[in-house]
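Quick caveat, the model's predicted, so the values are computed rather than measured. Residue numbering restarts at 1 for every chain, and letters A, B, ... go by the order of the sequence lines.
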Amino acid sequence: MRPFDYTRPENLEVASQALTDGATPIAGGTNLIDLMKLQIMTPEHVVDLTRLPGLSDIDGTPDGGMRIGALVSNSVLAGDPTVRRAYPVLARALLAGASGQIRNKATTGGNLLQRTRCPYFYDTAMPCNKREPNSGCSAQGGIARMCAILGTSPECIAAHPSDMAVAMRALDAQVEIRQTSGETRTLPVGDLYLLPGDNPAKEYALEAGEVITAVILPAPVSGARQTYRKVRDRASYAFALVSVAAVVKMDGDTIESAQLAFGGIGAKPWRDTEVEDVLAGEAPSDELFAKAADVLLRDAWTEESNAFKAPLAKRTLISALRDATGLSGETHFDMGDAA
Amino acid sequence: MDVTLSVNGETHKLDIEPRVTLLDALRDRLGLTGSKKGCDHGQCGACTVLVNGRRVNSCLSLAVMHEDDEITTIEGIGMPDDLARLQQDFVECDGYQCGYCTPGQIVSATAAIEEAKLGWPSYVSPSLADMGELTDEEIAERMSGNLCRCSAYPGIRQAIARAAEAEDKA
Amino acid sequence: MTRTFRMNEVQPRLLDETGQGIIGAPLVRPEGHLKVSGQATYAAEAKVENLAHGVLVRATITKGRVLRVDEAGVRDMPGVLAVHMTDERMIRNPAQGMMGESPVRDGKYIEYLGQPIGVVVADTFEQARDAAQRLKLEYSEEEAEVDPDNASETEWTDKEDYGDIDMAMDKAAHSVDEEYITAAHVAGAMEPHAAIAVWEGDKVTLHGSCQLVQFNVKELADALNIEEENVRILSPYIGGGFGSKLGISNEAVAAAIAAKDLGRPVRVVMSRQQVFDAVLRRTETTQRIRLAAEADGTLLGIEHRDRVSNLPNEGFSEPTNQATHFLYGGANRRYRQETARIHRNPSGSVRAPGEAVGMVALETAMDELAEASGVDPVELRLRNIPETHPETGLPYSARMLAECLKDGASSFGWDQRQSPRARREGDWFTGMGVASAARMNMLLPSEARVILTPTGAIVETDMTDIGTGTYAILGQIAGEMLGLPRELVEVRLGDSSFPKAAGSGGSFGAASSGSSVFLACKAIRDQIADKMGCGGDDLTLSNGLARCGNVEKKLEDLIDSDIVEVAQIKPGDTRKEAFSSGFGAHFAEVAVHAWTGEVRVKRMAGTFAAGRILNERTARSQCWGGMIWGIGTALTEAAEHDPRRGHIITRDFANYHMPAHLDVPQLDVKFLEERDDYANPIQAKGIGELGISGAGAAVTNAIYNACGVRIRKFPAHPDVVLEGLMAFD
């Protein structure tokens with residue numbers, strides 16, 4: 001870790017100014033400090049946002065949704081009674097991520113902005129376009145087990161590691177951003193992330209000085225079955241090989257609507273509404289789910305070492321939908337309750 | 001820079017660089033070596049301490065960010081001549097072998113028992129509304145952020161179950 | 001004066017006659033209160049004044065020379081005290097176990113990516129780490145082979161043949177001929193390698209994390225070009241070893257070099273990533289097993305070939321077929337090993353070298369033979385237990401393999417096992433698997449001093465406790481022999497100024513060092529008997545009282561000055577009379593997800609017979625640990641090497657998945673009563689590695705029974721299982 005200046009501004013305006021001037025924000029620090037120790041991130045000025053007022057609340061919104069302050073910790077959010085009742089897929093996704101210790105520190109805003117866990121991004125002896133533009137992508141032709149198969153580019157195949165953001169994508173969450181002007185803008189969570197394209201080092205649609213202040217969830221889908229299914233290399237405390245966030249509304253024996261998002265396979269938390277269109281209005285069956293999965297994976301691009309992710313994603317989606325629609329005979333879902 | 005840390009009820013004034021982690025401040029500056037460094041990246045849990053009652057990885061935290069926080073380390077949970085109930089249960093259940101991950105396991109479990117009391121569910125809880133019994137599987141999921149390579153896991157969880165049950169009865 | 005005893009003949013079972021009644025008892029560890037409060041001090045925590053901090057520098061090429069070190073920019077950084085690069089004393093990699101001399105040294109030559117090639121020292125850890133990371137090196141790089149499958153330089157062992165396996169395969173009613181691949185593993189002790197070096201004149205004291213202290217003294221002295229007498233190692237607590245701390249390691253040598261040069265104590269602790277980079281891994285293996293059997297499953301022969309890898313000039317090859325030699329019968333046998341010389345990071349001993357991965361292959365092959373022959377897997381194993389060692393003809397010293405299999409099967413409910421894919425609840429298949437456990441037993445020279453004082457006893461030996469329970473069991477042996485409650489026995493370990501012990505490794509530590517303590521205590525008993533005026537056989541000692549016939553005296557009245565005895569055990573003729581090994585049986589029940597290939601271990605049980613159990617509680621913990629390592633081998637652990645650079649890419653605990661709590665259910669461990677009279681005078685055998693031997697195969701055999709997918713590539717990550725499941729679609 002290199003030396004840096006540390007400041008702890010008392011309001012957003014000062015924080016925003018520092019960020020405009022090139023400072024790096026810290027909140028939970030669970031990813032930033034990790035990266036700074038390896039000199040993958042070498043900020044000269046770190047701005048501590050943790051004492052900023054007004055960013056640690058969870059409130060209802062006028063339209064029946066929820067506003068989650070950017071500094072709300074992952075464990076407080078997962079334990080929040082309304083989240084557990086109305087947005088269980090989010091609670092489950094949070095609880096599927098990291099460990100109890102990390103969830104206590106990790107914040108809502110920080111979780112969204114965490115960086116890839118591609119092992120080559122972490123290994124400074126190896127080229128990585130995300131870490132060092134134009135040096136090359138070592139994951140290609142390397143050990144790409146933890147890398148993405150959707151949304152990648154020849155420059156970068158890194159996966160976004162968040163579980164929380166996957167659930168938020170399925171829930172149509174919006175990110176609230178304070179601009180340098182002091183005005184607020186919102187962005188669908190999916191649009192926060194940039195695909196790697198030619199410039200994998202540019203990861204977010206944020207301008208210098210902008211601060212994520214909250215995540216806003218729309219009113220919950222009443223009576224939807226929600227599940228977060230995560231497949232990984234050990235039972236707990238591991239990043240996803242594949243994860244599926246599903247919010248499925250049934251109408252009798254047919255699927256009324258399905259909102260699906262995916263982790264572990266996308267260059268960003270992945271959602272593809274064409275997959276959902278395959279399911280809407282249809283009776284659940286393994287064949288239907290397989291068809292939806294084939295749509296999801298139509299543009300998948302795999303390496304030898306992560307080719308398994310296509311069939312694994314397909315079958316994990318089938319399994320999640322079997323659970324959510326009752327086909328598996330198991331009730332591995334939580335009922336989302338609007339009340 | 002100057003920072004004041006409150007550790008186990010004692011106040012310490014330190015002059016340290018901002019890049020000093022809470023773990024290194026505890027171990028190298030305050031001589032509180034009960035908190036262990038196993039990975040230095042939040043991947044093993046050996047450095048777990050309580051900050052305002054909540055468990056965190058002290059290796060992934062800057063000491064300067066903890067001004068005004070109440071920090072509890074294993075030394076504040078119980079020392080050899082005055083062990084906490086949970087520590088005694090670890091001894092009884094052989095919930096350790098080499099002992100290196102042990103302080104982290106115990107501090108983590110201390111908080112995990114409190115989290116369960118608050119009704120916080122886990123990923124394996126059958127229902128998010130009511131986590132139900134603190135089963136072996138529940139304890140296992142809640143403690144999965146604490147690795148033990150000696151693999152004393154069965155004993156560790158027996159100790160936690162005993163301590164949690166004793167607290168329940170108290 | 002040291003009394004030396006050679007194990008030339010079977011000894012009376014004195015520990016069954018003594019009166020204290022604590023041998024074998026599940027006593028809690030005497031150091032427990034220190035460990036649970038964080039007050040046991042590990043190497044990096046020794047209280048040393050004026051400490052400087054060193055951080056190792058990592059080579060970023062696979063092979064070649066350091067041409068230039070750009071020290072200038074780093075030397076001027078605040079707090080930086082020294083930059084030691086390309087010192088010819090820097091070792092290439094940690095020493096192999098019991099090497100007793102320096103590993104390969106050449107400060108400038110790099111043979112694997114991640115090789116520690118220097119150390120930067122500063123006033124604080126933060127300064128040193130920053131400087132070490134910023135140091136710029138120029139290399140002249142050479143081509144390096146890193147793929148064990150396509151190595152041009154390989155070494156073959158001579159073919160070891162008994163009978164004619166080819167003929168046996170030809171006439172077999174049932175046969176198996178399969179290849180098994182196991183991933184490379186790391187020891188992953190929770191305490192990273194750490195050392196503090198303190199010099200006084202020509203003498204260095206190393207606070208280290210060392211399993212084999214007497215060997216480590218020699219290795220460090222040799223690396224530093226100094227006399228052994230000038231090295232003292234202190235290793236009272238070790239945060240896990242599992243083989244990774246058998247030999248002196250880079251951080252210790254670097255700390256000693258830097259501290260001498262600086263005239264100030266220096267601490268060097270490897271980062272977790274550096275431990276992955278440089279510490280000896282367990283090799284990946286490709287094993288081919290052929291089994292030939294008669295119609296009833298009786299083995300006609302076994303062939304076990306394997307390929308492993310290591311660096312050039314590294315004198316270790318995983319003894320993969322170690323258990324295959326003696327576990328099952330069959331007159332026709334063949335072994336051959338190929339070692340690929342490549343530039344991956346070096347390999348060495350990791351918990352149960354040989355059995356840990358060799359038995360996974362063998363016990364999977366046996367499961368395949370059970371399937372092929374239609375014989376129940378437990379029954380198949382029972383049928384193939386040989387009368388005598390199938391290659392040497394020696395009898396077994398004590399072997400309760402059959403009893404373990406039968407007892408385990410009965411208590412596990414093996415009779416409820418169904419055919420593959422028959423048990424399915426929702427989308428989860430459930431099944432059971434079995435595997436034998438075997439780990440050959442060793443006795444090594446070991447010495448201890450026991451001091452009986454009027455108020456208690458002190459045991460001193462440079463033996464170590466790496467979590468294995470040495471403090472507990474040596475206190476119990478001394479207490480049992482001297483008639484003292486364990487609380488009155490103080491055990492002092494891990495100081496090279498104490499008598500030289502076998503050390504912790506190869507499961508030989510407890511029985512070897514325990515025997516030395518036993519012998520010293522026996523000599524003390526003789527002295528007490530003299531004072532009592534009776535023969536040693538007539539003496540009873542318990543709770544501080546000595547009794548001979550009707551005479552009873554308090555020890556404290558009997559002893560006017562300390563009685564000191566030093567004794568050494570050495571192996572002898574009994575090892576030529578009988579073959580000694582621990583045995584056991586593993587049973588596992590797993591659930592396999594029909595769609596995703598996820599595996600969950602639902603139940604697991606091990607029944608073991610390992611001679612006299614010295615402390616049932618710590619022995620159980622050893623078996624828990626071994627079985628859980630088996631779960632890791634079966635399901636989660638893989639050190640993946642970059643195919644171009646050869647270094648481990650899964651080089652932290654987020655990417656190398658050792659089992660976490662949730663991977664592990666509560667485990668049942670049971671010991672059968674046994675004494676191994678040929679092993680040593682305390683009739684105990686090693687147990688630290690028995691629990692892992694075979695364990696992984698019980699899990700993967702259960703996967704087969706659950707879902708019909710045969711695991712031949714380990715670990716059985718979801719994708720491995722999935723590939724098999726998709727064949728059923």
Considering only heavy atoms, which portion of C:Ala594 lies under 4.5 Å from any heavy atom of chain A: side chain, backbone, both, or neither?
-> backbone
So, C:Glu640 and C:Arg281, do they make that salt bridge, N to O below 4.0 Å?
-> no
Specify which of C:Ala660, C:Pro78, C:Pro643, C:Gly632 makes the most heavy-atom pairs with chain A at under 4.5 Å.
-> C:Pro643
Pick one of side chain, backbone, both or neither for A:Ser305, based on which atoms fall under 4.5 Å of a heavy atom in chain C.
-> neither
Answer yes or no: is there an ion pair linking C:Glu138 with C:Lys136, defined by an N-O contact shorter than 4.0 Å?
-> no
Do the charged groups of C:Glu141 and C:Arg65 touch, with an N to O distance under 4.0 Å?
-> no
By a 4.5 Å heavy-atom criterion (distance strictly below it), what part of C:His641 contacts chain A: side chain, backbone, both, or neither?
-> backbone
Which residue out of C:His661, C:Arg651, C:Arg129, C:Glu637 racks up the most heavy-atom pairs below 4.5 Å with chain A?
-> C:Arg129
Should C:Glu111 and C:Lys63 count as an ion pair when the cut-off is N to O under 4.0 Å?
-> no
Determine, stepwise, if the pair A:Asp34 / A:Tyr122 fulfils side-chain hydrogen bond (donor to acceptor under 3.5 Å, both in side chains).
-> CA-CA 10 Å; A:Asp34 166 38; A:Tyr122 270 76; 2.5 Å; yes
Are the charged groups of C:Arg344 and C:Asp147 less than 4.0 angstrom apart, N to O?
-> no
Among C:Asp663, C:Ile61, C:Thr650, single out the residue with the greatest number of heavy-atom pairs under 4.5 Å to chain A.
-> C:Asp663
Salt bridge present between C:Asp719 and A:Arg145 (N-O < 4.0 angstrom) = yes
Pick one of side chain, backbone, both or neither for A:Ile318, based on which atoms fall under 4.5 Å of a heavy atom in chain C.
-> side chain
Heavy-atom distances under 4.5 Å only: say whether A:Leu327 touches chain C with side chain, backbone, both or neither.
-> neither
Measure from NZ or CZ of C:Arg421 to the centre of the six-membered ring of C:Phe728, then state whether that distance is under 6.0 Å and the direction lies within 45° of the axis.
-> yes
Contact part of A:Arg232 toward chain C, heavy-atom cut-off under 4.5 Å: side chain, backbone, both or neither?
-> backbone
Interface moiety of C:Leu113 toward chain A, non-hydrogen atoms closer than 4.5 Å = side chain
Smallest separation among heavy atoms of C:Phe653 and C:Gly188, with atom names | CZ-O, 3.9 Å
If a pair satisfies salt bridge (charged side-chain N to carboxylate O under 4.0 Å, His left out) and one of its residues is in residues 300-318 of chain A, list it, with sequence neighbours excluded.
-> A:Asp294-A:Lys314, A:Arg315-C:Asp729
Most contact-rich option vs chain C, by heavy-atom pairs under 4.5 angstrom, among A:Ile143, A:Thr42, A:Thr316, is A:Ile143
Can you say whether C:Asp427 sits under 4.5 Å from chain A via the side chain, the backbone, both, or neither, judging by heavy atoms?
-> both
Most heavy-atom pairs under 4.5 angstrom with chain A, which of C:Met658, C:Arg645, C:Arg134?
-> C:Arg134
Report the option among C:Glu723, C:Glu126, C:Arg644, C:Glu598 that has the most heavy-atom pairs separated by less than 4.5 Å from atoms of chain A.
-> C:Arg644
Do you know which of C:Thr596, C:Thr60, C:Leu635, C:Thr636 has the most heavy-atom pairs with chain A at a distance under 4.5 angstrom?
-> C:Thr596
A:Arg117, A:Met146, A:Lys37: which one forms the most heavy-atom pairs within less than 4.5 Å of chain C?
-> A:Lys37
Using non-hydrogen atoms only, which part of C:Ile649 is less than 4.5 Å away from chain A: side chain, backbone, both, or neither?
-> both
Using non-hydrogen atoms and a 4.5 Å limit, figure out which bit of C:Met77 sits close to chain A: side chain, backbone, both or neither.
-> neither
Residue C:Glu425 excluded, over 12 heavy atoms near CD under 6.0 Å = yes
Name the option with the most non-hydrogen atom pairs under 4.5 Å to chain C; the candidates are A:Gly141, A:Ser236, A:Pro3.
-> A:Gly141
Can A:Asp286 and A:Lys291 be counted as an ion pair, charged N to O under 4.0 angstrom?
-> no
